[in-house]
Amino acid sequence: MSEKKYGTVGVEIFASPWVFIRGVPAMQFLPPEGPPEIAFAGRSNVGKSSLINALVGRNGLARTSNTPGRTQELNYFVPDGYSGEAGDLPPMALVDMPGYGYATAPKEKVDQWTKLVFDYLQGRVTLKRVYVLIDSRHGIKKNDDEIFTLLDKAAVSYQIVLTKTDKIKAAGVPKLIEETLAKTKKRPAAFPGVIATSSEKNEGLEELRAAIVLAVNGG
């Protein structure tokens, strides 16, 4: 289906009511390809759900939990008001991917998540960009690097988003951005630029919304 059918998406899309439409435990349950998709990846407890809720201004849309590893499916969110039938599809979708790096999860469960994520990354034509979330307090860890390699291998464009910047000293944020850029600049699929955010303080959200709209519109 042609992307042009969806027209140009503007940042006002985030002011619309958003709804959860589907949890996808395996590839056969994916929605039909059509609208551009923007996915969020990150270590368990990095603040993915909180960031998605803050982006669309709706607390409780994406489930937040103090229990790492709760998101075990690809969770789909779209603007409300579309039937989902051909000709009335939403203009874009946000996808909350399973968190990674949760050491106490059973190995077979971790392997299942990893396969689902890799299959999705390799096979989803409508996936426009993945935002990889990094906790500002911890920086890039080994399993973050592994995800970067996975995305590079799948040739999927991704950009780094720092979360919880309110938890570190403000003076340390520019240095962290610089360090993060240095660690990813040679990676082939990494989109230039690092976005620093705080869901709690609503910081960096406008920049992230603008970046998402650019990605959806082919930028």
Side-chain angles (χ1 to χ4, degrees), residues 1 3 22-49 51-52 68-69 71-76 92-103 105-136 138-163 176-195 197 208 211-212 214-219:
M1 188 174 293
E3 293 172 36
R22 186 177 302 190
V24 177
M27 290 292 284
Q28 64 263 36
F29 300 107
L30 282 170
E33 286 189 341
E37 295 173 9
I38 297 292
F40 295 85
R43 287 168 55 87
S44 297
N45 229 18
V46 75
K48 279 193 291 94
S49 297
L51 185 64
I52 291 171
T71 302
Q72 300 177 11
E73 301 175 332
L74 299 170
N75 289 320
Y76 270 73
M92 64 175 288
L94 300 179
V95 184
D96 185 5
M97 298 172 68
Y100 56 85
Y102 184 36
K107 184 180 184 301
E108 61 271 19
K109 179 63 72 174
V110 173
D111 290 345
Q112 182 182 329
W113 299 348
T114 304
K115 184 179 186 308
L116 172 63
V117 167
F118 190 61
D119 287 348
Y120 170 70
L121 292 175
Q122 279 196 309
R124 198 65 170 171
V125 175
T126 45
L127 176 61
K128 296 303 177 185
R129 185 156 299 146
V130 176
Y131 289 91
V132 183
L133 277 50
I134 303 294
D135 191 321
S136 295
H138 307 306
I140 294 173
K141 298 291 188 184
K142 181 176 181 290
N143 46 14
D144 296 317
D145 267 325
E146 290 170 354
I147 290 298
F148 299 158
T149 299
L150 188 70
L151 288 160
D152 288 334
K153 184 179 177 183
V156 174
S157 173
Y158 61 96
Q159 187 170 9
I160 309 300
V161 175
L162 300 174
T163 63
L176 181 59
I177 290 174
E178 187 178 326
E179 290 173 350
T180 305
L181 282 170
K183 289 178 180 177
T184 56
K185 67 179 180 180
K186 291 185 178 179
R187 288 193 167 272
F191 189 81
V194 171
I195 302 174
T197 68
L208 181 54
I212 290 171
L214 186 64
V216 166
N217 292 325

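The figures that follow rest on heavy atoms only: side chains count, while hydrogens, waters and symmetry mates do not.
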What I'd like to find out is whether the side chain of L208 reaches to under 4.5 Å of the side chain of L51, using heavy atoms alone. yes

Could you walk me through whether E146 and N143 satisfy the side-chain contact (heavy atoms from CB on, under 4.5 Å) test, starting with their C-alpha distance in whole Å, then the side-chain angles of each, then the deciding distance to 0.1 Å, before giving a yes or no? CA-CA 5 Å; E146 290 170 354; N143 46 14; 3.7 Å; yes

Does the side chain of R187 reach to within under 4.5 Å of the side chain of T149, using non-hydrogen atoms? yes

Side-chain contact, heavy-atom cut-off 4.5 Å: Y100 with T114? no

Minimal heavy-atom distance between P31 and R124, with the atoms involved, is O-NH2, 2.8 Å

Heavy-atom closest contact (D152 atom, A189 atom, distance): OD1-N, 3.0 Å

With a 3.5 Å distance limit and no angle check, can you tell me whether K48 reaches the backbone of F40 through a side-chain donor-acceptor pair? no

Please identify each residue that fulfils salt bridge (Lys or Arg N to Asp or Glu O under 4.0 Å) with R22, with sequence neighbours left out. none

Given the rule in the salt bridge (charged side-chain N to carboxylate O under 4.0 Å, His left out) test, do D111 and K115 qualify, once you have shown the distances and angles that lead to the verdict? CA-CA 6 Å; D111 290 345; K115 184 179 186 308; over 6 Å; no

So, taking the atom named CG in N45 and the one named NE2 in H138, what distance separates them when rounded to the nearest 0.5 Å? 8.5 Å

Heavy atoms only: give me the nearest R129-A211 pair and the separation to one decimal. NH1-O, 4.3 Å

Are the side chain of D119 and the backbone N or O of L116 linked by a donor-acceptor pair below 3.5 Å? no

Spacing of OG1 belonging to T184 relative to CD1 belonging to I160, to within rounding of 0.5 Å: 5.5 Å

Working note: Y120 + V24, criterion side-chain contact (heavy atoms from CB on, under 4.5 Å); need CA distance, chi angles, decisive distance, verdict. CA-CA 10 Å; Y120 170 70; V24 177; over 6 Å; no

Going through the distances and angles, do L121 and L150 end up as a side-chain contact (heavy atoms from CB on, under 4.5 Å)? CA-CA 9 Å; L121 292 175; L150 188 70; 3.9 Å; yes

Where do I212 and Y131 land on the side-chain contact (heavy atoms from CB on, under 4.5 Å) test, with the steps shown first? CA-CA 9 Å; I212 290 171; Y131 289 91; 3.6 Å; yes

I need the minimum non-hydrogen distance between V117 and P98, along with the two atoms involved. CG2-CD, 3.8 Å

Identify the heavy atoms of G34 and T126 that sit nearest to each other, and give their distance. O-CG2, 3.4 Å

Can you measure from CG (D144) to CG (L133) and round to the nearest 0.5 angstrom? 10.0 Å

How many angstroms lie between atom CD1 of I52 and atom CG of N75, to the nearest 0.5 angstrom? 8.0 Å

Rounding to 0.5 Å, atoms CD1 (I147) and NZ (K141) come to a distance of 16.0 Å

Backbone N/O of G193 and side chain of Q159: donor-acceptor pair under 3.5 Å: yes

How close do G99 and S44 get, counting heavy atoms only, and between which atoms? C-OG, 3.6 Å

Can you tell me how the ring of Y158 sits relative to the ring of F148, calling it parallel under 30°, perpendicular over 60° and tilted otherwise? parallel

I'd like to know if the side chain of E33 and the backbone of V125 have a donor-acceptor N/O pair within less than 3.5 Å. yes

Mind checking the CG-NZ spacing from L214 to K128? Nearest 0.5 Å is all I need. 12.5 Å

State whether the side chain of T163 and the backbone N or O of V46 hold a donor-acceptor pair below 3.5 Å, judged by distance alone. yes

